[in-house]
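As a basis for the values below, the full set of heavy atoms in this structure was taken, side chains included, without hydrogen atoms, waters or symmetry mates.
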Amino acid sequence: MTPPLIRNFIGYVKASRIPNLLIIVATQVLTAKFLLHEVIWFDLDFFLVVISTAMIAAGGYLINDYYDQKIDMVNRPQKVVVGTEISRRPALLSHTLTNLAAVAIGFWVDVWVGLIHIFSSFLLWYYSNHLRRLPLVGNLSIGLLSAMTFLILLVFYRADEPIVFFYALFGFLMVVIREVIKDIQDVKGEAAFGCVTVPVIWGIRGAKTLIIAILIAGSALLVNFLLLQSNWPLRLYFLALAPFFLWFLYKLTKADTNREFRTLNKFCSYIIFTGLISLTLN
């Protein structure tokens with residue numbers, strides 16, 4: 001039988017979503033190198049910012065799983081970690097210690113980075129505790145936190161680079177769309193526990209309409225920005241995405257089963273990943 005300490009540690013690692021944390025690390029490394037053109041490989045402060053940002057995200061995953069345990073037992077019981085592979089009290093303690101360490105590292109590097117970490121950790125807690133159960137507000141909160149992955153580097157480097165804002169907007173829009181799709185997938189459990197998310201109050205059709213509106217409005221903003229840029233590789237990358245987004249819109253209008261919405265969720269994740277690769281085109 002696995003000792004409780006080891007079992008809780010393994011549960012902590014699983015709840016921290018290591019693959020997602022690696023994506024955050026890669027995003028900040030590529031942003032600093034290719035968008036901000038900084039020399040990063042021997043910059044200890046930069047890597048402390050990256051590590052502490054990933055720690056804030058890990059704490060956010062932990063507290064979200066802590067508060068959503070009952071909902072997740074309805075929607076995805078096979079993936080529940082908090083309460084099964086890590087006890088609830090150690091999970092809460094791990095969340096607190098991870099956040100405190102991240103904030104301390106942030107203040108060590110830069111006062112503004114530390115303040116951003118406090119804001120992000122509070123918003124992640126408030127999202128899990130309350131905003132998660134409100135229509136659209138929770139989705140926008142997660143989108144904002146995703147954009148902060150880029151924006152915190154502008155604060156750290158005291159930079160004002162429009163292309164970073166562009167990618168922050170792109171990430172924000174894709175994450176919001178993905179979060180609304182996740183709410184559609186989880187509508188059964190969320191309705192059972194009193195969550196008033198978009199698909200719960202507006203229905204599946206209303207949630208689809210919202211996603212389409214976000215995609216159209218976001219695309220207009222992104223195209224307008226691209227027209228002001230002279231970076232042809234970046235233009236071609238987003239032009240190449242157009243057929244995929246048309247496919248996405250078609251599949252979205254036809255989607256009716258949880259399996260189909262899961263496919264659309266994965267599509268958003270793939271687009272985010274290719275966006276990560278596109279950072280090297282700058």
I need the [X] [atom1] to [Y] [atom2] distance, nearest 0.5 Å.
{"X": "Ile152", "Y": "Phe156", "atom1": "CD1", "atom2": "CZ", "answer": "9.5 Å"}
{"X": "Ile116", "Y": "Leu145", "atom1": "CD1", "atom2": "CG", "answer": "11.5 Å"}
{"X": "Ile56", "Y": "Asn99", "atom1": "CD1", "atom2": "CG", "answer": "4.5 Å"}
{"X": "Leu215", "Y": "Leu246", "atom1": "CG", "atom2": "CG", "answer": "9.0 Å"}
{"X": "Leu140", "Y": "Leu131", "atom1": "CG", "atom2": "CG", "answer": "10.0 Å"}
{"X": "His117", "Y": "Met148", "atom1": "NE2", "atom2": "CE", "answer": "9.5 Å"}

Quick one: do Arg133 and Val196 satisfy side chain to side chain contact (heavy atoms under 4.5 Å, CB included)? Show the steps, please. CA-CA 6 Å; Arg133 291 155 178 78; Val196 284; 5.5 Å; no
How close do [X] and [Y] get, counting heavy atoms only, and between which atoms?
{"X": "Gly143", "Y": "Phe172", "value": "C-CD1, 3.2 Å"}
{"X": "Gly60", "Y": "Ser128", "value": "O-OG, 4.3 Å"}
{"X": "Gln28", "Y": "Val49", "value": "OE1-O, 4.1 Å"}
{"X": "Leu153", "Y": "Phe46", "value": "CD2-CE1, 3.9 Å"}
{"X": "Leu151", "Y": "Ala168", "value": "CD2-CB, 3.9 Å"}

Can you hop from [X] to [Y] via hydrophobic side chains spaced under 4.5 Å?
{"X": "Phe42", "Y": "Leu44", "answer": "yes"}
{"X": "Leu234", "Y": "Leu239", "answer": "no"}
{"X": "Phe119", "Y": "Val111", "answer": "yes"}
{"X": "Trp41", "Y": "Leu35", "answer": "yes"}
{"X": "Phe166", "Y": "Leu236", "answer": "no"}

So, the side chain of [X] versus the backbone of [Y]: is there a donor-acceptor pair under 3.5 Å, distance only?
{"X": "Glu179", "Y": "Val175", "result": "no"}
{"X": "Tyr157", "Y": "Glu38", "result": "no"}
{"X": "Glu260", "Y": "Thr257", "result": "yes"}
{"X": "Lys208", "Y": "Ala255", "result": "yes"}
{"X": "Thr149", "Y": "Ser146", "result": "yes"}

Residues which pass side-chain hydrogen bond (donor to acceptor under 3.5 Å, both in side chains) with [X], listed by chain and number, not counting sequence neighbours:
{"X": "Tyr270", "answer": "none"}
{"X": "Ser94", "answer": "none"}
{"X": "Thr31", "answer": "none"}
{"X": "Tyr127", "answer": "none"}

Check step by step if side chain to side chain contact (heavy atoms under 4.5 Å, CB included) holds for Leu264 and Ile184. CA-CA 11 Å; Leu264 294 174; Ile184 295 175; over 6 Å; no
Hey, what else clusters with Leu93 if you join Ile, Leu, Val, Met, Phe, Trp, Tyr whenever side-chain heavy atoms sit under 4.5 Å?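 ILVMFWY cluster around Leu93 also holds Leu97.
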With a cutoff of under 4.5 Å between side-chain heavy atoms, which Ile, Leu, Val, Met, Phe, Trp and Tyr residues group with Val223? Leu227
Paired with Phe261, the side-chain contact (heavy atoms from CB on, under 4.5 Å) test is passed by just one of Lys251, Gln185, Lys266, namely Gln185
Among Val176, Asn139, Thr209, whose side-chain contact (heavy atoms from CB on, under 4.5 Å) with Ile214 holds?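 Exactly one pass, corresponding to Val176.
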With a 4.5 Å heavy-atom cut-off, do [X] and [Y] have their side chains touching?
{"X": "Thr197", "Y": "Asp186", "result": "no"}
{"X": "Phe225", "Y": "Ile163", "result": "yes"}
{"X": "Ser278", "Y": "Leu281", "result": "yes"}
{"X": "Leu221", "Y": "Leu173", "result": "no"}
{"X": "Ile24", "Y": "Asn20", "result": "no"}
{"X": "Asn64", "Y": "Leu124", "result": "no"}

I'd like to check the ring pair (Phe, Tyr, Trp, His ring centres under 6.0 Å) partners of Phe267; sequence neighbours left out, ordered by chain and number. Phe245, Trp247, Phe248
Could you list the residues that satisfy ring pair (Phe, Tyr, Trp, His ring centres under 6.0 Å) with Trp202, not counting sequence neighbours? none
Side chains of Tyr167 and Thr27: do they bring a donor and an acceptor to under 3.5 Å?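 Note: Tyr167 and Thr27 side chains miss the donor-acceptor criterion.
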Which side-chain N or O atoms in residues 100-110 pair as donor and acceptor under 3.5 Å with protein atoms at least two apart or in another chain?
from: Asp110; atom 1: OD1; to: Trp112; atom 2: N; distance (Å): 2.7
from: Asp110; atom 1: OD1; to: Val113; atom 2: N; distance (Å): 3.3
from: Asp110; atom 1: OD2; to: Arg158; atom 2: NH1; distance (Å): 3.3
from: Asp110; atom 1: OD2; to: Arg158; atom 2: NH2; distance (Å): 2.9

Hey, could you give me each pair passing side chain to side chain donor-acceptor pair (under 3.5 Å) that has a residue in residues 168-177? Not counting sequence neighbours. none
Begin with the C-alpha distance, continue with both residues' side-chain angles, and end with the deciding distance and a verdict on salt bridge (Lys or Arg N to Asp or Glu O under 4.0 Å) for Arg17 and Asp65. CA-CA 11 Å; Arg17 316 286 207 284; Asp65 284 358; 2.8 Å; yes
Hey, mind stepping through Asp160 and Phe165 against side chain to side chain contact (heavy atoms under 4.5 Å, CB included) and telling me if it holds? CA-CA 9 Å; Asp160 182 17; Phe165 287 103; 3.6 Å; yes
Can you list the steps and then say if Phe238 with Phe170 is a ring pair (Phe, Tyr, Trp, His ring centres under 6.0 Å)? CA-CA 11 Å; Phe238 280 96; Phe170 177 66; 5.2 Å; yes
Check against side chain to side chain contact (heavy atoms under 4.5 Å, CB included), Ile277 and Tyr237: CA-CA 10 Å; Ile277 296 173; Tyr237 162 74; over 6 Å; no
May I ask you to decide whether Asp183 forms a salt bridge with Arg178, counting only side-chain N to carboxylate O separations under 4.0 Å? no
Among residues at least two apart in sequence or on other chains, which ones pass side-chain contact (heavy atoms from CB on, under 4.5 Å) with His130? Tyr126, Leu134
Those residues at least two apart in sequence (or on a different chain) that pass side-chain contact (heavy atoms from CB on, under 4.5 Å) with Leu22 are Ile18
